[in-house]
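Quick notes on the structure that follows.
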Amino acid sequence: MSELTTQESLSRKEREKRARQQDILKAARELFLSKGYRETTLDEIAHQAEFGKGTLYNYFASKEEIFHAIIDQAIEDTLSLTREAASTPGSIREKLKAFALRTIRYVRENGELLHIIYHELHR
């Protein structure tokens, strides 16, 4: 089932909940990139997302849980890259080339975040 079809089948309340979760993750990601994971507080994430701190706890139990959700998004992005490359018409060589090009673009666009993830996972 495609993401669009999944979104369409959700209730308005569930769509709003997912949108708020994405707002929180976007705010956290921006702060982690600018300040670093360790230096970012939940208060700052709430402020950046334009929510009260209590609202964050409706969606995530901790800053660590928010960080793990960002990692999950990166994993989903990678799986999506793989699926897209696999569905590219052509030979295996062409599919691998498509995968490599998509991966290079993803790393170029998300390198700082990937560095923060790597750094924090190895602490």
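- Residues passing the salt bridge (charged side-chain N to carboxylate O under 4.0 Å, His left out) test with E120 are R38, R123, sequence neighbours excluded.
- Every residue two or more places apart in sequence or in another chain was checked for a salt bridge (charged side-chain N to carboxylate O under 4.0 Å, His left out) with K97, and none qualifies.
- Residues D77 and L81 have side chains not in contact (no heavy-atom distance under 4.5 Å, counting atoms from C-beta outward).
- A distance of 13.5 Å separates OG of S80 from CD1 of I75, quoted to the nearest 0.5 Å.
- Residue H68 places its NE2 atom among more than 12 non-hydrogen atoms of other residues, nucleotides or ligands, all under 6.0 Å distant.
- Summarising the geometry of E39 relative to E44, their closest heavy-atom pair is O-OE1, 3.5 Å, with the distance given to 0.1 Å.
- Note on L96: it does not cluster hydrophobically with L79, by side-chain heavy-atom contacts below 4.5 Å among ILVMFWY residues.
- I104 belongs to no hydrophobic cluster, as no Ile, Leu, Val, Met, Phe, Trp or Tyr side chain comes under 4.5 Å of its own.
- Summarising the geometry, atom CD1 belonging to I71 is positioned 4.5 Å from atom CG belonging to L121; distances are rounded to the nearest 0.5 Å.
- Put simply, Y57 and Y59 are part of the same group of oily side chains (I, L, V, M, F, W, Y) that touch within less than 4.5 Å, one to the next.
- Taking both residues in full, the closest heavy atoms of D23 and A49 are given as O-CB, 3.9 Å, listed atom of the first, atom of the second, then distance.
- In this structure, CD in E14 is found 5.5 Å from NZ in K17, a value given to the nearest 0.5 Å.
- In terms of modelled atom types and a separation under 3.5 Å, the side chain of K95 and the main chain of A86 share a donor-acceptor contact.
- The CG atom of D43 sits 4.0 Å away from atom NZ of K53, with the distance rounded to the nearest 0.5 Å.
- Taking the side chain as every heavy atom from C-beta outward, F32 and I45 approach each other to under 4.5 Å.
- The 12-atom threshold is not exceeded at CD of E112, counting heavy atoms of other residues, nucleotides or ligands nearer than 6.0 Å.
- Below 30°, between 30° and 60°, or above 60°: for H119 and H115 the angle between ring planes is below 30°, a parallel geometry.
- By the 30° and 60° cut-offs, the orientation of the rings of Y37 relative to F67 is tilted.
- Using a 3.5 Å distance cut-off with no hydrogens or angles, the side chains of E84 and T88 do not pair a donor with an acceptor.
- The closest side-chain donor-acceptor pair between R105 and N110, if any, does not fall under 3.5 angstrom.
- Heavy atoms only, all atoms of each residue included: Y106 and A74 are closest at OH-CA, 3.6 Å.
- Remark: Q48 CD to S34 OG distance equals 7.5 Å, nearest 0.5 Å.
- Annotation for L31 and T40: closest pair O-OG1, 3.4 Å, computed over non-hydrogen atoms.
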Take L42 and I66 through the test side chain to side chain contact (heavy atoms under 4.5 Å, CB included) and record every step on the way to the result.
CA-CA 10 Å; L42 283 174; I66 293 171; 3.8 Å; yes

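- Two residues are said to be in side-chain contact when any heavy atoms from C-beta on lie closer than 4.5 Å; F99 and E94 fail this criterion.
- Note that the CD atom of E65 and the CD1 atom of I24 stand 10.5 Å from one another [nearest 0.5 Å].
- Proximity of F51 to N58: side-chain heavy atoms (C-beta onward) are nowhere separated by under 4.5 Å.
- Q73 and Q22 share a side-chain donor-acceptor pair at under 3.5 Å.
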